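Numbers here are sequence positions counted from 1. Atom set for the values below is all heavy atoms of this structure, side chains included, hydrogens, waters and symmetry mates excluded. Quantities reported herein were computed from a predicted structural model and do not represent experimental measurements.
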Amino acid sequence: MKKFSLPKDGGLIEAGLPKGILHSYERIPTYVYEDEEIASSELADQIVSLINSSNGGFKLGLTTGSSPVALYQELVRRYEAGAVSFADVEIFSIDEYYPAPADSQSRNRRLYSDFLSKVDADMAKVHIPRIDSVIETAKVTEFCAEFDRMATGLDLLVMGTGTHGEIGFNEEGASEKSRTRTVLLSYASRKRQSKNFAGNIDVTPRTAIAMGISTMMSAKKIALIGWGEDKAQIVKKIVEDEVSAQCPASFLQKHEDICFYADENSASMITRNVAPWLVGPCEWTPKFIRKAVVWLCEKVGKPILKLTQSDYLAHGLGELLEQKGAYDQINIKVFNDLQHTISGWPGGKPDADDSTRPVSSTPFPKKVIIFSPHPDDDVISMGGTFIRLVEQGHDVHVAYETSGNVAVHDDVVLQHMDAANELGFGDRFDEVKEIIASKRPGEPEPRALLNLKGAIRRAEAKSAVRSFGLNDKTNCHFLNLPFYETGGIKKGERTQKDIDIIIDLLEKVQPDQIYLAGDLADPHGTHRVCTEAVLEAINQLKGRSAWLETCHVWLYRGAWMEWELGKVDMAVPLSPDEVIKKRHAIYRHLSQKDIVPFPGEDPREFWQRAEERTQNTASLYDKLGMAEYQAIEVFVKLF
């Protein structure tokens, strides 16, 4: 099934552009692909070619974590097709917890399950820095030294990176001269790793064995990989910024044979994507012109209508003037274009001239489905617009795609059981407490407990939408997509069962508008899976559902990232009172306040993230010369 990505709209013309120019801002040459599967396929071809052209004894280093999973799948396909053998390949992993936990929680579990178990690798030639029990310091040091000796001079090292530029367990402040050694994991690192230990940082390992940066640098070739929006900022630092111990992966800039394989999302902040006019010739579509002008405004600190010709020329936008005419006319066109994105009528204003409005006035009222990956993304990401749609009389339905059950703390469940007892509905507190006590690290939560947690989140979601007048009995749909119901952080694969559930709802409602999560920086990947499931359902309905011909899909973003103004198609302004209404709807999701098991690294509560994000967007519009609003929610029209 195809990976979700936004359609291209202008940009750098790479065809025929010399590589020296294309990579002119990059200290590590970066190859950008549509998605991680295509990138992994290209890298797999390189690996197979290197193995097959070697004289035997090829030494391959592989990163841990989830980044290489698509690469593993590609290598397995080539093995199954007879294109390569791994029987004579020495395989080295870059790290492991110390002492090593159960296999289900090992850093190398994906290496075993998705790769080694499916090819003809000789396990005697597989080297994992694994020690299963605590042993005396001298022996650990000796073990690390021997591993380092074997791992020195790899023919190829494939390396992923964390969101802070850590490589393996070489974290912020790691020495460029480090060799394979034991390391003490920082609290922040253990917090990130705790997702593999049921969110319990107390049982998350405190130490690990890590291949050193100097050992990595001894490899003959290095291929860095990084996928997804959550890696975008760090990819920019690694690829283009100065070398710094605060970003250990940046040390790899000094390697003589290195490249970075990225997808469009992870590479979105490098110069050739942020300001491609600085790199080479561009295709100047209206949206791309807007992107350039907004960028220029931020560079010079001026609103659109105050930009001068010298501003354009001094910042690499001479080609735009050559192709599209006088600077003042460009200013006016972009100002009007951006102003026309602003609308207080997200479902269309009845009986109004809609020639410059983002949404047509007919039909009115509209049938709308808001797809929410978790039971709170609807109000967090587009709560103000949701409230507007309901209050303006549209037939609004909300579809909660997953139960969100793993994101409820055990204490919250016990509190609800205690409340039920106090209300006279029976005492099951001790029974539930025993179920919680039966949990085992690394194993799925008991189904009885997950059912209680799912019920809590459903009740919160219904309370939130009731707060602004939606009928939760008829217009609230809990899809409970099967891919999510594993009882742990790692989810299953999306299947036709998930898609059929969505198809049934779409056929039932036959919406005029669909709102989807376009925020792919969700650290657990649920947003992407949910959005791609809806798009696949729509694709399967094409040609047999007439309502689709006039249905439009709008993409919102969540609590992690916002749409850049160059891409925005609709901006819904919120008044101070509407911001408060949205906040109160988010408040109804009490299980997600303060003690969420998997909150990520942002300490703010979700209502704070949402308000700051939408207020920042309003500020950007204000600085560009638009009207000043309390907050703005923005959307991209997919079709």
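- Of the possible polar contacts, one joining the Asn331 side chain to the Leu307 backbone as a donor-acceptor pair under 3.5 Å is found.
- Remark: Glu240 does not engage Arg27 in a salt bridge, criterion side-chain N to carboxylate O under 4.0 Å.
- Taking the charged nitrogens against the carboxylate oxygens, Glu34 and Lys8 have no contact shorter than 4.0 Å, which rules out a salt bridge.
- With hydrogens and angles left out, the side-chain atoms of Asp263 and Ser266 include a donor and acceptor closer than 3.5 Å.
- Residues Phe635 and Met382 are in side-chain contact: their nearest non-hydrogen atoms beyond the backbone lie under 4.5 Å apart.
- Checking side-chain atoms of Ser619 against main-chain N and O of Gln615 turns up no donor-acceptor pair under 3.5 Å.
- Tyr621 and Ala571 make their closest contact through OH-CB, 3.4 Å (heavy atoms, listed as atom of the first residue, atom of the second, distance).
- The pair Lys59-Asp155 fails the salt-bridge criterion, with no side-chain N (NZ, NE, NH1 or NH2) lying under 4.0 Å from an Asp/Glu carboxylate O.
- Figure legend: Arg206 and Tyr98 shown without cation-pi pairing, the cationic atom not lying both under 6.0 angstrom from the six-membered ring centre and within 45 degrees of its axis.
- Residues Ile234 and Ile238 have side chains in contact (heavy-atom distance under 4.5 Å, counting atoms from C-beta outward).
- Using a cut-off of 4.0 Å between Lys/Arg side-chain N and Asp/Glu carboxylate O, Asp241 and Lys237 are scored as not salt-bridged.
- Looking only at distances, no side-chain donor or acceptor of Thr163 sits under 3.5 Å from a matching main-chain atom of Lys231.
- At least one donor-acceptor pair closer than 3.5 Å links the side chain of Ser24 to the backbone N or O of Ile21.
- Electrostatic pairing of Arg613 and Glu562 counts as a salt bridge here, judged by a charged N lying under 4.0 Å from a carboxylate O.
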Between Glu229 and Arg557, does the salt bridge (charged side-chain N to carboxylate O under 4.0 Å, His left out) criterion hold? Intermediate values first, please. CA-CA 12 Å; Glu229 283 180 335; Arg557 287 203 165 181; 2.5 Å; yes
The test is side chain to side chain donor-acceptor pair (under 3.5 Å); show your working for Thr64 and Asn108 and say whether it passes. CA-CA 6 Å; Thr64 52; Asn108 289 278; 5.6 Å; no
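- Aromatic ring centres of His340 and Phe335 lie farther apart than the 6.0 Å criterion allows.
- When every heavy atom of Ile586 is checked against every heavy atom of Ala610, the shortest pair comes out as CD1-CB, 4.3 Å.
- Checked by atom type and distance alone, the side chain of Ser67 never pairs as donor or acceptor with a backbone atom of Thr63 at under 3.5 Å.
- Panel note: side chain Ser178, backbone Ile213; a donor-acceptor pair is recorded below 3.5 Å.
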I would like to know whether Asp377 and Phe371 meet side-chain contact (heavy atoms from CB on, under 4.5 Å); could you show each step before the answer? CA-CA 9 Å; Asp377 289 312; Phe371 282 95; over 6 Å; no
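- In this pair, Tyr327 and Tyr312 present their aromatic rings tilted. The plane angle is within the 30 to 60° band.
- Checked by atom type, the side-chain pair Arg179/Thr152 shows a donor-acceptor distance below 3.5 Å.
- A donor-acceptor pair under 3.5 Å links the side-chain atoms of Ser218 to the main chain of Gly153, judged by distance alone.
- In terms of heavy-atom proximity, Thr402 sits nearest to Cys530 at CG2-SG, 3.8 Å.
- Donor-acceptor pairing under 3.5 Å is lacking for the side chains of Glu74 and Ser40.
- Ionic pairing of Glu611 and Lys582 is not present here: no N-O contact between side-chain nitrogen and carboxylate oxygen is shorter than 4.0 angstrom.
- A heavy-atom distance below 4.5 Å is not found between the side chains of Lys221 and Ile258.
- Looking only at side-chain heavy atoms (C-beta outward), Leu60 and Leu62 come within less than 4.5 Å of each other.
- Formation of a donor-acceptor pair under 3.5 Å by the Asn336 side chain with backbone atoms of Lys333 is not found in this model.
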Take Asn273 and Ser268 through the test side chain to side chain donor-acceptor pair (under 3.5 Å) and record every step on the way to the result. CA-CA 6 Å; Asn273 287 322; Ser268 61; over 6 Å; no
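- In this structure the side chain of Gln630 never reaches within 4.5 angstrom of the side chain of Leu574, judged on heavy atoms.
- Nearest approach of Thr341 to Pro358, heavy atoms of both residues: O-CG, 3.9 Å.
- Residues Gln309 and Leu321 are in side-chain contact: their nearest non-hydrogen atoms beyond the backbone lie under 4.5 Å apart.
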Any chance you could lay out the side chain to side chain donor-acceptor pair (under 3.5 Å) test for Thr614 and Glu633, step after step, and finish with the verdict? CA-CA 6 Å; Thr614 54; Glu633 294 176 345; over 6 Å; no
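- For the 3.5 Å distance criterion, the side chains of Thr204 and Gln193 fail to qualify, holding no donor opposite an acceptor.
- With salt bridges taken as basic N to acidic carboxylate O contacts below 4.0 Å, one links Asp569 and Lys287.
- A pairwise comparison of heavy atoms in Ile167 and Ala249 identifies CG2-CB, 3.7 Å as the closest pair.
- Using a 3.5 Å distance cut-off with no hydrogens or angles, the side chains of Thr285 and Asp9 do pair a donor with an acceptor.
- Taken to the nearest 0.5 Å, the CZ atom of Arg107 stands 8.5 Å off from the CZ atom of Arg109.
- We find that Glu564 and Arg290 are not joined by a salt bridge, their nearest charged nitrogen and carboxylate oxygen being 4.0 Å or further apart.
- Within the 3.5 Å criterion, the main-chain N or O of Phe197 finds no donor-acceptor partner in the side chain of Ser194.
- Without hydrogens or angle criteria, Ser250 side chain to Ser244 main chain gives a donor-acceptor distance under 3.5 Å.
- Minimum heavy-atom separation, Ser106 to Tyr97: C-CE1, 4.5 Å.
- Side chains of Ser175 and Arg181: a donor-acceptor N/O pair is absent below 3.5 angstrom, by distance only.
- Taking 4.0 Å as the cut-off between side-chain N and carboxylate O, Lys254 and Glu176 count as a salt-bridged pair.
- Legend: salt bridge (Lys or Arg N to Asp or Glu O under 4.0 Å) pairs involving residues 305-323, not counting sequence neighbours, sorted by first then second residue: Lys302-Asp311.
- The distance between the ring centers of Trp227 and Tyr33 does not fall below 6.0 angstrom.
- Looking only at atom types and distance, the side chain of Thr215 has a donor-acceptor partner in the side chain of Asp148 under 3.5 Å away.
- Salt-bridge formation is not detected for the pair Glu298/Lys623: no Lys NZ or Arg NE/NH1/NH2 atom is positioned less than 4.0 Å from an Asp or Glu carboxylate oxygen.
- A salt bridge links Arg192 with Glu166: the distance from a Lys NZ or Arg NE/NH1/NH2 to an Asp or Glu carboxylate oxygen falls below 4.0 Å.
- Look at Arg528 and Glu532 and you find a salt bridge, because one of the NZ, NE, NH1 or NH2 atoms lies within 4.0 Å of a carboxylate O, short of that distance.
- Classification of the Tyr261-Tyr31 ring pair by plane angle, with boundaries at 30° and 60°, yields tilted.
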